[in-house]
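Comments concern the structure below.
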Amino acid sequence: MDNQNSESRMAGPRPARPARPQRPGFNRPGTPERKERRRRPAYARPARPRRGKQHVEHRSESSSNKRVEKIPPPDQNTIRIIPLGGVEEIGRNMTAIETADDIFILDCGFQFREEETPGIDYILPNTGYLEERRDKIRGLLISHGHLDHIGGIPYIIDRIGNPTIYTRRLTGMMIKKRQEEFSHLPPTTIREVEKDEAIRLGQATIRFFGVTHTVPDSMGIIIETKWGDVVFTGDIKLNHENGDPSDEEKREFGIFKNRNVLALLMDSTNVWQPGFSIPEINVYQTLEKIVKDAKGRLIIAMFASHLERLIRIIRFAEEAGKKVVIDGRSMRTNVEIARELGLVKFKDETVVQVEDIDRIAPEKLIILATGAQGDEFASLARIGNKSHKYIRLHPTDTIVLSSSVIPGNERAVQKLKDNLSRQGAHIITYHTSDVHASGHGNRGEAEWIHSQVKPKFFIPVHGYHYMLRVHADVATDLGMDPKHIAIPDNSSIIEITDGEKITKHPIKAPSELRVVEGQTVSELSDVLMRDRKALGQEGFCVVVATVDRRTGKLHKSPDIISRGFVYLRDNKDLMDQTRLIIRKSVETSLRNPRSADLDAARDDLSEAVSRFLLQRTQKRPIVIPVIVSI
């Protein structure tokens with residue numbers, strides 16, 4: 001994808017969060033029935049270790065391993081296709097192609113956290129299926145260098161046996177640069193390939209072809225089998241003029257004229273939109289005019305991964321005699337890689353340091369910034385809230401947001417635009433000018449690609465289920481038999497038998513979400529996420545009752561600690577009534593102190609207080625009962 005979330009979020013290890021203190025009264029023993037009823041506080045865990053480069057812990061997933069053992073390997077007449085991520089969301093793209101002897105992995109991305117996953121850093125594909133079959137893995141084939149296609153490599157590659165990575169030169173450099181942040185890992189083996197190269201892996205021949213996307217060196221992948229080719233496009237659009245694909249596109253896809261394509265796996269992200277997408281050349285022409293005509297400072301915000309666009313802007317600036325400030329670590333890193341590979345050439349004096357901007361005349365300065373998606377820690381957001389160390393907006397400044405708004409980021413982007421507008425800056429967006437074009441083709445482009453490849457079977461990938469469904473409809477409208485189309489879910493097992501029949505099996509590979517939290521990779525707990533969301537929405541309340549062990553009576557008035565629920569000083573009557581409920585519940589449960597069950601008493605106390613608070617406030621805070629016997 002263009003970058004499924006703001007790349008100004010650093011994709012490596014993040015700074016440590018403040019350690020959360022331990023709370024009393026957690027992890028108590030009790031009967032299975034009581035444990036089932038008890039709501040366990042999500043934050044009752046040791047403080048996280050500092051996030052750094054030293055170590056990434058992997059927790060075992062025994063439940064996944066048991067499920068994997070139930071899935072027999074494909075036989076000699078079967079090709080198995082398993083999308084392990086990227087077909088129920090935008091991001092964490094990863095697909096496994098398996099035959100009787102070999103497994104080939106296509107891409108290895110991650111996804112940034114969502115509202116449904118508070119507190120985690122990244123979401124990974126579940127590779128439990130591959131871990132049990134790592135001896136069959138012949139290679140990791142990477143289509144291009146966006147984080148939703150390479151971001152998972154540091155967290156996953158050692159779990160699947162450190163296979164050789166096959167990719168183009170630029171993508172390989174991006175992967176190597178990220179691996180520097182994970183110095184504890186063994187070195188990765190990267191084999192650079194050319195777009196027209198053929199290599200032998202296991203029992204199969206692998207070929208590559210060039211595709212158009214927002215990052216250079218993007219490629220499609222062909223896996224040859226005895227029944228025909230399995231073709232994977234990666235993220236793709238077309239260079240075209242008024243719906244007529246360029247000669248280069250026709251030449252690249254001309255390779256399929258005499259090939260027998262068994263199955264096509266193709267990007268579905270923008271297929272729901274009619275016609276053809278805006279050609280990137282239109283964006284270049286618009287940006288070139290803006291760069292040349294700007295009378296004041298020009299701030300252009302975009303994804304750091306839009307490398308081709310970054311390269312063009314630097315070229316336009318140099319041609320116009322202007323200086324460029326690159327503000328954002330990921331953006332600087334990508335430009336350095338492009339310069340090292342010879343993709344961009346500019347004079348050393350063209351790019352200046354951000355601390356030197358006041359030495360440059362405003363009409364001669366262009367600032368390239370990260371943060372067009374409203375990320376609060378990115379360069380543009382700090383400019384907007386006046387917390388940037390060096391950059392303050394002037395009324396004569398022009399800001400170009402050269403990206404579309406990713407679904408879910410609408411409010412953050414609106415807040416960003418408001419903050420920038422309050423300082424008098426003029427803002428140009430893709431709504432009013434051709435300053436952005438998606439890296440994913442529309443329906444017209446998909447139709448053209450299908451007509452060139454002519455697959456026997458089709459599996460739409462990369463997108464939400466709605467997008468996959470629309471893409472399947474496109475294939476049907478083009479004349480494909482619906483029985484030859486399989487719409488996957490994450491971890492679906494799809495098999496093509498004897499080259500004649502495609503089947504989506506009811507059994508799945510392990511599909512539990514795997515997440516990165518600090519230095520730990522683990523499977524996501526539904527209970528943990530539910531408690532985190534409850535804490536964020538309702539808060540929590542700790543009630544502490546000190547009891548005389550001889551009489552079962554309260555030794556003193558109960559203590560109540562509330563966070564995110566109500567402000568205690570403003571709700572004295574509610575707290576006094578809650579203390580009465582606590583006293584009544586505890587003394588009833590412990591009326592026979594010698595035979596009393598403290599676990600049962602705690603559960604009864606939690607239920608009584610929760611019920612009372614719900615009746616009085618219509619809120620459901622997590623109630624944490626603590627009974628201290630003295």
Query raised in the report: Passes salt bridge (Lys or Arg N to Asp or Glu O under 4.0 Å), Glu500 versus Lys456? Steps please.
Result: CA-CA 9 Å; Glu500 295 296 332; Lys456 183 174 184 178; 3.2 Å; yes
Between [X] and [Y], does any side-chain N to carboxylate O distance fall below 4.0 Å?
{"X": "Asp102", "Y": "Arg138", "result": "yes"}
{"X": "Glu192", "Y": "Arg168", "result": "no"}
{"X": "Lys136", "Y": "Glu98", "result": "yes"}
{"X": "Arg443", "Y": "Asp477", "result": "yes"}
{"X": "Glu252", "Y": "Lys257", "result": "no"}
{"X": "Arg178", "Y": "Glu181", "result": "no"}
{"X": "Lys237", "Y": "Glu445", "result": "no"}

For the student: nearest non-hydrogen atoms of [X] and [Y], plus distance:
{"X": "Ile150", "Y": "Gly145", "value": "CD1-O, 3.3 Å"}
{"X": "Ile502", "Y": "Ile485", "value": "CG2-N, 4.4 Å"}
{"X": "Thr167", "Y": "Met219", "value": "CA-CE, 3.8 Å"}
{"X": "Thr95", "Y": "Pro83", "value": "OG1-CA, 3.9 Å"}
{"X": "Pro455", "Y": "Ala263", "value": "CB-C, 4.3 Å"}
{"X": "Phe458", "Y": "Met480", "value": "CB-SD, 3.5 Å"}

When you check the side-chain N and O atoms of [X] and [Y], is any donor under 3.5 Å from an acceptor?
{"X": "Ser268", "Y": "His471", "result": "yes"}
{"X": "Ser438", "Y": "Asn270", "result": "yes"}
{"X": "Glu495", "Y": "His505", "result": "yes"}
{"X": "Thr212", "Y": "Glu249", "result": "yes"}
{"X": "Thr164", "Y": "Arg191", "result": "no"}
{"X": "Ser511", "Y": "Asn126", "result": "no"}
{"X": "Arg514", "Y": "Thr127", "result": "yes"}
{"X": "Glu241", "Y": "Ser246", "result": "no"}
{"X": "Asp75", "Y": "Thr78", "result": "yes"}
{"X": "Arg309", "Y": "Thr214", "result": "no"}

Requested in this report: Kindly compute the distance separating OG (Ser143) from CD1 (Ile236), expressed to the nearest 0.5 Å.
Outcome: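 Answer rounded to 0.5 Å: 10.0 Å.
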Is there a side-chain contact between [X] and [Y] (heavy atoms, below 4.5 Å)?
{"X": "Lys508", "Y": "Ile493", "result": "no"}
{"X": "Ser492", "Y": "Asp489", "result": "yes"}
{"X": "Arg159", "Y": "Leu124", "result": "no"}
{"X": "Leu141", "Y": "Ile206", "result": "yes"}
{"X": "Pro488", "Y": "Lys504", "result": "no"}
{"X": "Asp229", "Y": "Asn260", "result": "no"}
{"X": "Ile222", "Y": "Val230", "result": "no"}
{"X": "Thr370", "Y": "Ser330", "result": "yes"}

Qualifying residue, where the test is side-chain contact (heavy atoms from CB on, under 4.5 Å) with [X] and the options are [options]:
{"X": "Ile103", "options": "Leu130, Ile160, Asp135, Ile97", "answer": "Leu130"}
{"X": "Asp267", "options": "Leu265, Val271, Thr269", "answer": "Thr269"}
{"X": "Tyr166", "options": "Ile105, Ile190, Leu201", "answer": "Leu201"}

Query raised in the report: For Trp448 and Phe276, what are the C-alpha separation, side-chain angles and deciding distance, and is it a ring pair (Phe, Tyr, Trp, His ring centres under 6.0 Å)?
Result: CA-CA 10 Å; Trp448 187 86; Phe276 281 68; 8.6 Å; no
Query raised in the report: Val87 and Tyr464: side-chain contact (heavy atoms from CB on, under 4.5 Å), yes or no, with the steps?
Result: CA-CA 6 Å; Val87 294; Tyr464 295 104; over 6 Å; no
Requested in this report: Please test Glu197 against Arg207 for salt bridge (Lys or Arg N to Asp or Glu O under 4.0 Å), starting from the C-alpha separation and ending with a verdict.
Outcome: CA-CA 6 Å; Glu197 186 176 351; Arg207 298 182 183 274; over 6 Å; no
Where does the angle between the aromatic ring planes of [X] and [Y] fall among parallel (under 30°), tilted (30 to 60°) and perpendicular (over 60°)?
{"X": "Tyr155", "Y": "Tyr122", "value": "tilted"}
{"X": "Tyr466", "Y": "Trp272", "value": "tilted"}
{"X": "His306", "Y": "Phe303", "value": "perpendicular"}

**Report entry** Listed partners of Arg312 passing salt bridge (Lys or Arg N to Asp or Glu O under 4.0 Å), at least two apart
**Finding:**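 Partners of Arg312 by the salt bridge (Lys or Arg N to Asp or Glu O under 4.0 Å) criterion, ordered by chain and then number, come out as Glu308.
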**Report entry** Set of salt bridge (Lys or Arg N to Asp or Glu O under 4.0 Å) partners for Asp244, sequence neighbours left out
**Finding:**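 If we apply the salt bridge (Lys or Arg N to Asp or Glu O under 4.0 Å) test to Asp244, skipping adjacent residues, the hits are Lys250.
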Requested in this report: Assess whether side-chain hydrogen bond (donor to acceptor under 3.5 Å, both in side chains) is satisfied between His146 and His213, documenting all intermediate values.
Outcome: CA-CA 10 Å; His146 284 161; His213 192 43; 3.2 Å; yes
Query raised in the report: Is NZ or CZ of Arg133 both nearer than 6.0 Å to the six-membered ring centre of Tyr129 and within 45° of the ring axis?
Result: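 Yes - Arg133 lies over the ring of Tyr129, closer than 6.0 Å to its centre and within 45° of its axis.
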Requested in this report: List the steps and the verdict of side-chain contact (heavy atoms from CB on, under 4.5 Å) for Gln111 and Asp148.
Outcome: CA-CA 6 Å; Gln111 180 186 10; Asp148 53 335; over 6 Å; no
Query - Asp101: partners by side-chain hydrogen bond (donor to acceptor under 3.5 Å, both in side chains), with sequence neighbours left out - result: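 Listed in chain order: nothing, the list is empty.
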Query raised in the report: So with a 6.0 Å cut-off around NZ of Lys226, is the heavy-atom count from everything else above 12?
Result: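 Counting other residues, nucleotides and ligands, NZ of Lys226 exceeds 12 neighbours.
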Report task. Before giving the answer on side-chain contact (heavy atoms from CB on, under 4.5 Å), spell out for Asn239 and Ile281 the whole-Å C-alpha distance, their side-chain angles and the decisive distance to 0.1 Å. Result -> CA-CA 8 Å; Asn239 278 326; Ile281 188 63; over 6 Å; no
Query raised in the report: Are any side-chain N or O atoms of Asp434 and backbone N or O atoms of Asn282, one a donor and one an acceptor, separated by less than 3.5 Å?
Result: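 A pair under 3.5 Å: no.
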Query - Test log, rule ring pair (Phe, Tyr, Trp, His ring centres under 6.0 Å), inputs Phe232 and His462 - result: CA-CA 11 Å; Phe232 172 71; His462 299 180; 5.7 Å; yes
Query - Criterion side-chain contact (heavy atoms from CB on, under 4.5 Å) on Arg469 and Val474, from CA distance to verdict - result: CA-CA 9 Å; Arg469 175 68 63 177; Val474 170; over 6 Å; no
